[in-house]
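Below: one structure, written as structure tokens.
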Protein chains: 2
Amino acid sequence: MANPKGISNSPSSRKVPLNRDVVLSTALELVDTEGLDGLTMRRLGQELERDPMSLYRYAANRAALLDGITELVLNELAIFADDPDWQAQLRRIAHDLRLLALRHPNVVPLLVTRPLSTPLGLRPLGTLRPLEQILGLLIGAGFSPADALHVYRAYYGFLYGHILNELQEYIVDPEENVALLRLGLHRLPVTEFPTLRALGPVLADYDGDAELDQGLTLLLSGLAAQLAG
Amino acid sequence: MANPKGISNSPSSRKVPLNRDVVLSTALELVDTEGLDGLTMRRLGQELERDPMSLYRYAANRAALLDGITELVLNELAIFADDPDWQAQLRRIAHDLRLLALRHPNVVPLLVTRPLSTPLGLRPLGTLRPLEQILGLLIGAGFSPADALHVYRAYYGFLYGHILNELQEYIVDPEENVALLRLGLHRLPVTEFPTLRALGPVLADYDGDAELDQGLTLLLSGLAAQLAG
DNA sequence: GCCTAAAGTCTACATTGTAGACTAGTTGTC
DNA sequence: GACAACTAGTCTACAATGTAGACTTTAGGC
């Protein structure tokens, strides 16, 4: 938010030269602060002090821009494909991705949704890199390719599921969280939602990190055993 | 006058009387056949032979319409909360939901995405019912409320993750599937994506049902053990 | 027949993505 | 220096969308 209203630009700080990365990062900022709907071509153009049309030099259209954003975010994820301890590595990646998702909650719908409309082979390379690297990691650790794929699927499925789950209960201000939760639950018909209503307090304190970790332990050891036998 | 004016013998079919269910089901059909973007107020109005504006009697706005669709779809899911065999029940539900997702692939983004923008307590009741019922099932099977929530989260997280995973690789025509896959993989830079490219054939025959089932076995038995100890 | 409420329609408008033609600035070539 | 070729950016314009607000039509009850 270096330039909230647009006018604060001194003549010396001439317009930033544009390139794909600048465009995408600004777009990401915009999505982070104003949500997905806040990202319009016009708004982004204004943020960059350009005509909206100039953006089309750096992304074919809005959809491509969204793809670019997901790529950008996934690039923040570091994967060390040569780590011999695959379990530890997968565990670390999972926690990293979780934090990434919490840092960019508005991007998560993109992460989850964009691949649904693009066949695997045609996705932005940046989004395929984690897949490639994790497969490499697993195969490097001794798994057969087919087993590696199997492990990957179980792992990534679980991971994305957890993130979605957690984000559904996530609200920025923890105070407001409890309040909103109570308010919401109170609204539910008692006769039809007794359990849910009773669980209010338990719902309120949710340790996503711990829950993820437990799930991982269960999944990874299970997978290891399954594949050993 | 045997037909005062209501039915001014419009060319083809006389208008169906409107109500929320008709509107929502037609909307769902539209989403199924033409995708999410195909669902516009004007298009839906046309489908129902009404002015688009009349739809606002049955859904406050487009977002509410989407919520209604997710509710409609989730209503197709039967849950027997009094089944003493919780594992079998969860397993069956999972397979049912998977089939549901495959039957309405275009709705899956809604299923996953809508809850992210609505705090739990304010969601359409229909979308909370599965949660309530599964919690009931688990508590009925002897779990403490907190443990039930824990199990539910692991379970639903995994389930949604799997569905997303599978749908990412799902393409209607299996012939085209293989073709597109090959085509796409071939496009990938060899140096950067050796593993992925090599896995082409293995990727192509993916048995989502089996994979889901294995994952469930692992997860459920793991959870049972974890909670017993 | 009149009255009321519900159902449906018409018009109008602000916002959006983006096509297409154009301009200004930079660079390389002779 | 003249000029061509690019590259970056702008301007105008348009079709599509969601939806507000005022209106008209229909159905039932009295």
Side-chain angles (χ1 to χ4, degrees), chain A residues 3 6 9 11 13-28 30-31 34-70 106 109-110 113-114 117-118, chain B residues 1-28 30-31 34-70 106 109-110 113-114 117-118:
Chain A
N3 195 2
N9 227 6
S13 90
R14 217 30 243 153
K15 298 183 188 176
V16 189
L18 241 51
N19 58 51
R20 187 152 211 269
D21 267 353
V22 173
V23 171
L24 290 182
S25 334
T26 315
L28 174 56
L30 211 46
V31 169
E34 322 217 344
L36 272 180
D37 295 339
L39 177 66
T40 70
M41 302 309 263
R42 285 169 168 85
R43 184 83 176 68
L44 182 55
Q46 172 181 330
E47 211 69 21
L48 293 165
E49 307 183 76
R50 298 301 144 94
D51 187 283
M53 276 299 123
S54 64
L55 304 175
Y56 288 86
R57 301 253 170 217
Y58 307 99
N61 49 45
R62 185 165 187 271
L65 211 122
L66 297 179
D67 280 338
I69 293 181
T70 67
N106 296 330
L110 295 184
T113 277
R114 300 290 316 162
S117 36
T118 326
Chain B
M1 299 168 224
N3 206 353
K5 46 193 114 172
I7 306 170
S8 51
N9 52 20
S10 79
S12 49
S13 56
R14 56 192 176 171
K15 299 184 185 180
V16 186
L18 240 51
N19 59 52
R20 187 153 210 269
D21 266 353
V22 172
V23 170
L24 290 181
S25 334
T26 316
L28 174 57
L30 211 45
V31 169
E34 323 218 343
L36 272 180
D37 294 339
L39 176 65
T40 70
M41 302 309 264
R42 285 171 167 84
R43 185 82 177 67
L44 182 54
Q46 173 182 330
E47 210 69 22
L48 294 165
E49 305 183 76
R50 300 299 143 96
D51 186 284
M53 277 299 124
S54 64
L55 304 175
Y56 288 86
R57 301 258 167 212
Y58 308 99
N61 49 44
R62 185 164 186 271
L65 208 114
L66 296 180
D67 280 338
I69 293 181
T70 68
N106 296 329
L110 296 183
T113 275
R114 300 291 317 159
S117 35
T118 325

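Every chain is numbered from 1 and lettered A, B, ... according to where its sequence line falls, protein lines coming before strand lines.
For B/Asp51 and D/dA22, the CG to P distance is 17 Å, given to the nearest whole Å. One interatomic measurement links the two molecules: OH of A/Tyr58 to P of D/dT7, which rounds to 12 Å at whole-angstrom precision. The CG-C1' distance, from B/Asn19 to C/dG8, rounds to 15 Å in whole Å. Between A/Leu44 atom CG and C/dT15 atom C1' there is a gap of 16 Å when expressed in whole angstrom units. The nearest whole Å value for the distance from the CG atom in B/Leu55 to the P atom in C/dG8 is 10 Å. In this structure, B/Arg50 places its CZ atom 16 Å from C1' of C/dC10, rounding to the nearest Å. The distance between atom CG of B/Leu18 and atom P of D/dA27, rounded to the nearest whole Å, is 14 Å.
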Verify side chain to side chain contact (heavy atoms under 4.5 Å, CB included) between A/Leu48 and A/Val16, making sure each step is shown before the conclusion. CA-CA 8 Å; A/Leu48 293 165; A/Val16 189; over 6 Å; no
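Within 6.0 Å of the CG atom in B/Asp37, the count of heavy atoms belonging to other residues, nucleotides or ligands does not exceed 12.
Exactly one residue among A/Leu44, A/Ile69, A/Thr26 makes a side chain to side chain contact (heavy atoms under 4.5 Å, CB included) with A/Val31. That residue is A/Ile69.
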Sequence neighbours excluded and cut-off under 3.5 Å, please list the side-chain donor-acceptor pairs for residues 61-68 of chain B, or say none.
unit_1	atom_1	unit_2	atom_2	d
B/Asn61	OD1	B/Ala63	N	3.2
B/Asn61	OD1	B/Ala64	N	2.9
B/Arg62	NE	B/Leu39	O	3.2
B/Arg62	NH2	B/Leu36	O	3.3
B/Arg62	NH2	B/Leu39	O	3.0
B/Asp67	OD1	B/Arg114	NE	2.8
B/Asp67	OD2	B/Arg114	NH2	3.4

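Taking both residues in full, the closest heavy atoms of B/Ser54 and B/Leu18 are given as OG-CD2, 4.4 Å, listed atom of the first, atom of the second, then distance. For the residue pair A/Val23 and A/Tyr58, the shortest heavy atom distance occurs at CG2-CD1, 3.9 Å.
Considering only side-chain N and O atoms, B/Arg57 lies nowhere under 4.0 angstrom from the phosphate OP1 or OP2 of C/dA7.
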For nucleotides 16-20 of chain C, give me every protein contact, N/O to N/O, under 3.5 Å, one pair per line with atom names.
unit_1	atom_1	unit_2	atom_2	d
C/dG17	OP1	A/Arg62	NE	3.1
C/dG17	OP2	A/Met41	N	3.0
C/dG17	N7	A/Arg42	NH1	2.6
C/dG17	O6	A/Arg42	NH2	3.0
C/dT18	OP2	A/Tyr56	OH	3.0
C/dT18	OP2	A/Arg62	N	2.9

